[in-house]
Chemist: 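Encoded as structure tokens, here's the structure I'll be asking about.
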2 protein chains.
Amino acid sequence: MKLTKTEEELMNYLWKLEKAFMKDILDIYPEPKPATTTIATLLKRMADKGFIAYKLYGKSREYYPLVKKKDYFSKHVNALIKNFFNDSASQFASFFTKETNLSKKELEELKALIDSEIKKK
Amino acid sequence: MKLTKTEEELMNYLWKLEKAFMKDILDIYPEPKPATTTIATLLKRMADKGFIAYKLYGKSREYYPLVKKKDYFSKHVNALIKNFFNDSASQFASFFTKETNLSKKELEELKALIDSEIKKK
DNA sequence: TACAACATTCTACATTTGTAGAATCAAATA
DNA sequence: TATTTGATTCTACAAATGTAGAATGTTGTA
């Protein structure tokens, strides 16, 4: 299952906050903030989909993510790759390197990173 | 503007075919093929959004993409990066290298590629 | 304790998306 | 030319999405 755009946005805040009460969520939203009920609806839908849960402290809820950003995201990217690059990650990687505008420094860093990944294999 | 999932799928076929009559599109869809009218609806919506157009040959239309896959895709990835990696492409790159399972060979290739990109800078 | 501030649930509704039937029009063919 | 085949438009509709008011319950506070 997947989150919708707005749900994703909210999810991102939860990942950032790690755990949050309604108040914290409202705080972190930029102006113009959505109505509390809107957020509540989203939270409920996300809970139904199994992406978040909450702990009860007395009567107030502290919401938290059930999926790790990494995991959610890699599934995401994989779908993207499958969709656009005939399931070839390397094709995607090459595209990515050419098309995103990484600075020389960033490219050097990436190269070093890849090197260390290669050594692990 | 953005394409929806099904529109994206169709768009991919158009990119692959470069140009196509309704028949070609129907042919390339795997079983179970959608109804012709379904495809027609999608084509119209995509044309409205400005992603495709068509040439008339007598009375029949040959559809073709107005946006390049590269362009569409890089906008896409950039949105993704903005969304999940606080707008840092390098953060994304590092994530990507670690999380997608490229083989040693693919990593080597990628490294070479990056090297050539570095030289261009 | 009475009121104000908050949070949650219910209900609602406009838009967008996925899907396709019916009607129509054009083209190929018997 | 009459019929079959194919494409396009119109219309429709269910499900998903974005958004939030009204009602209700809870809690902190004057």
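Letters go in sequence order (proteins before strands), and every chain restarts at 1. Worth knowing before you read on, the calculation uses all heavy atoms, side chains too, and leaves out hydrogens, waters and symmetry mates.
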Chemist: With a 6.0 Å cut-off (strictly less than), is the heavy-atom count around NZ of B:K121, excluding the residue itself, greater than 12?
Modeler: yes
Chemist: Rounded to the nearest Å, what distance is computed from the CZ atom of residue B:R45 to the C1' atom of nucleotide C:dT16?
Modeler: 8 Å
Chemist: Whether the side chain of B:T41 and the base of C:dA20 hold a donor-acceptor pair under 3.5 Å is what I'd like checked.
Modeler: yes
Chemist: For C:dA26, does either OP1 or OP2 sit under 4.0 Å from a side-chain N or O belonging to B:Y57?
Modeler: no
Chemist: Heavy atoms only, 4.0 Å cut-off, all strands: where does B:T37 land among base, sugar-phosphate and nothing?
Modeler: base
Chemist: Could you check B:R45, B:K2, B:K49 and say which one makes a side chain to side chain donor-acceptor pair (under 3.5 Å) with B:E7?
Modeler: B:K49
Chemist: Classify the nucleic acid contact of A:A35 as base, sugar-phosphate or nothing, counting any heavy atom under 4.0 Å across all strands shown.
Modeler: sugar-phosphate
Chemist: Is there a side-chain polar atom (N or O) of A:T4 under 4.0 Å from OP1 or OP2 of D:dT17?
Modeler: no
Chemist: Nearest-Å distance, CG (A:L42) to C1' (D:dG18)?
Modeler: 8 Å
Chemist: What is the distance, rounded to the nearest whole Å, between atom CG of B:L43 and atom C1' of C:dT17?
Modeler: 15 Å
Chemist: Between OG1 of A:T41 and CE of A:M46, what distance do you get to the nearest 0.5 Å?
Modeler: 12.0 Å
Chemist: Would you mind telling me which of C:dA7, C:dA27, D:dG18 lies closest to the side-chain atoms of A:M22?
Modeler: C:dA7
Chemist: Is it true that B:K5 and B:E8 have a side-chain N and a carboxylate O under 4.0 angstrom from each other?
Modeler: yes
Chemist: Assign each of A:G58 and A:L3 to its nearest nucleotide of DNA chain D by heavy atoms, then name whichever residue's nucleotide is nearer the 5' end.
Modeler: A:L3
Chemist: Calculate the interatomic distance between B:K5 atom NZ and C:dT19 atom P; express it in whole Å.
Modeler: 13 Å
Chemist: Of the options C:dT9, C:dT19, C:dT17, whose atoms approach the side-chain atoms of B:T38 most closely?
Modeler: C:dT19
Chemist: For the pair made of NZ in A:K59 and C1' in D:dG25, what is the distance, rounded to whole Å?
Modeler: 9 Å
Chemist: Using OP1 and OP2 only, check whether a side-chain N or O of B:K44 sits under 4.0 Å from D:dT9.
Modeler: yes
Chemist: Return the 5'-most residue of the pair B:P34, B:K49 with respect to DNA chain C, ranking by each residue's nearest nucleotide.
Modeler: B:K49
Chemist: C:dT9 phosphate, OP1 or OP2: any side-chain N/O from A:R61 under 4.0 angstrom?
Modeler: yes
Chemist: In this structure, how many angstroms lie between the C1' atom of D:dT17 and the CG atom of A:D48, rounded?
Modeler: 14 Å
Chemist: Nearest whole angstrom, please: distance from the C1' of C:dT19 to the CG of B:L10.
Modeler: 14 Å
Chemist: Mind listing the closest non-hydrogen atom pair of A:S94 and B:L113 along with its distance?
Modeler: CA-CD2, 3.5 Å
Chemist: Any idea which of D:dA12, C:dA12, D:dT8 is nearest the B:T36 side chain?
Modeler: D:dT8
Chemist: Going through the checks in order, is the ring pair (Phe, Tyr, Trp, His ring centres under 6.0 Å) test met by A:Y63 and A:F51?
Modeler: CA-CA 11 Å; A:Y63 297 93; A:F51 284 91; over 10 Å; no
Chemist: What's the closest nucleotide to the B:Y63 side chain, out of D:dT26, C:dT8, D:dT8?
Modeler: D:dT8
Chemist: Does a side-chain N or O of A:K23 approach OP1 or OP2 of D:dT27 to a distance below 4.0 Å, or not?
Modeler: no
Chemist: From CG of B:D24 over to P of D:dG6, roughly how many Å is that when rounded to an integer?
Modeler: 13 Å
